[in-house]
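Below is one structure, written out as structure tokens; the observations come after it.
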Amino acid sequence: MRDLKLFSLTLAREIMPESEPFLQFGEPPKGGAGLKIPSIPPGRYLFSQWAESDFPDPVDGLVAMRGRAEQEGRKTRGPWILRCVAEDGKRVWQGLRELEP
């Protein structure tokens, strides 16, 4: 398991999925199918990214992200969002959660 780095990310516009739908999980993030959502709305988000090989299940990446956010005192709200993208010919996972104002 890898130690994740967290970043703040501001989305100026809605993001649509490239190929696979975005998945949304409640608090705390748990495995399973997740709820498919059509897009990610604009806003300020906590963000992290990990390789497919970093965690046996991509939801484990969200759980690690949550733990890191708690350690750093990051205040977030709403669902945990899991996004899969292709980067350099490989699948990577991205986790996002809205930052509290």
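Just so you know, these numbers use all the heavy atoms, side chains as well, and skip hydrogens, waters and symmetry mates. Since the model is a prediction, treat every value here as computed from it, not as a measurement.
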Is there side-chain contact between [X] and [Y], with at least one heavy-atom pair below 4.5 Å?
| X | Y | answer |
| --- | --- | --- |
| Ile15 | Arg83 | yes |
| Tyr45 | Arg97 | no |
| Phe25 | Leu23 | yes |

Query - Within 6.0 angstrom of Arg91 CZ, more than 12 heavy atoms from elsewhere - result: yes
What's the spacing between [X] [atom1] and [Y] [atom2] if we round to 0.5 Å?
| X | Y | atom1 | atom2 | result |
| --- | --- | --- | --- | --- |
| Leu96 | Gln49 | CG | CD | 10.0 Å |
| Ser48 | Gln94 | OG | CD | 9.0 Å |
| Leu35 | Ile37 | CG | CD1 | 7.5 Å |
| Glu70 | Thr76 | CD | OG1 | 8.5 Å |

Same cluster (ILVMFWY, side-chain, under 4.5 Å), [X] and [Y]:
| X | Y | answer |
| --- | --- | --- |
| Val85 | Ile40 | no |
| Leu99 | Ile81 | no |
| Phe22 | Leu82 | no |

Query raised in the report: In this structure, which one of Arg74, Arg68, Glu98, Glu72 forms a side-chain contact (heavy atoms from CB on, under 4.5 Å) with Leu46?
Result: Arg74
Smallest separation among heavy atoms of [X] and [Y], with atom names:
| X | Y | result |
| --- | --- | --- |
| Leu4 | Ala64 | CD1-CB, 3.9 Å |
| Ser39 | Met16 | CB-SD, 3.5 Å |
| Ala51 | Val92 | CA-CG1, 4.4 Å |
| Met65 | Gly95 | CE-O, 3.3 Å |
| Leu11 | Pro41 | CD1-O, 3.8 Å |
| Ala86 | Glu18 | N-OE1, 4.0 Å |

Query raised in the report: Can you list the steps and then say if Trp80 with Val59 is a side chain to side chain contact (heavy atoms under 4.5 Å, CB included)?
Result: CA-CA 10 Å; Trp80 293 89; Val59 176; over 6 Å; no
Query - Worked verdict on Glu27 versus Arg66 for salt bridge (Lys or Arg N to Asp or Glu O under 4.0 Å) - result: CA-CA 9 Å; Glu27 174 71 33; Arg66 175 181 174 236; 2.7 Å; yes
**Report entry** Verdict with supporting geometry, Glu100 and Arg77, salt bridge (Lys or Arg N to Asp or Glu O under 4.0 Å)
**Finding:** CA-CA 6 Å; Glu100 287 187 358; Arg77 65 181 183 190; over 6 Å; no
Query raised in the report: Taking it one step at a time, do Trp93 and Glu52 satisfy side chain to side chain contact (heavy atoms under 4.5 Å, CB included)?
Result: CA-CA 7 Å; Trp93 296 96; Glu52 199 168 23; 3.9 Å; yes
Report task. Indicate the ring-plane relationship of Phe7 and Phe47, choosing parallel, tilted or perpendicular according to the 30° and 60° boundaries. Result -> tilted
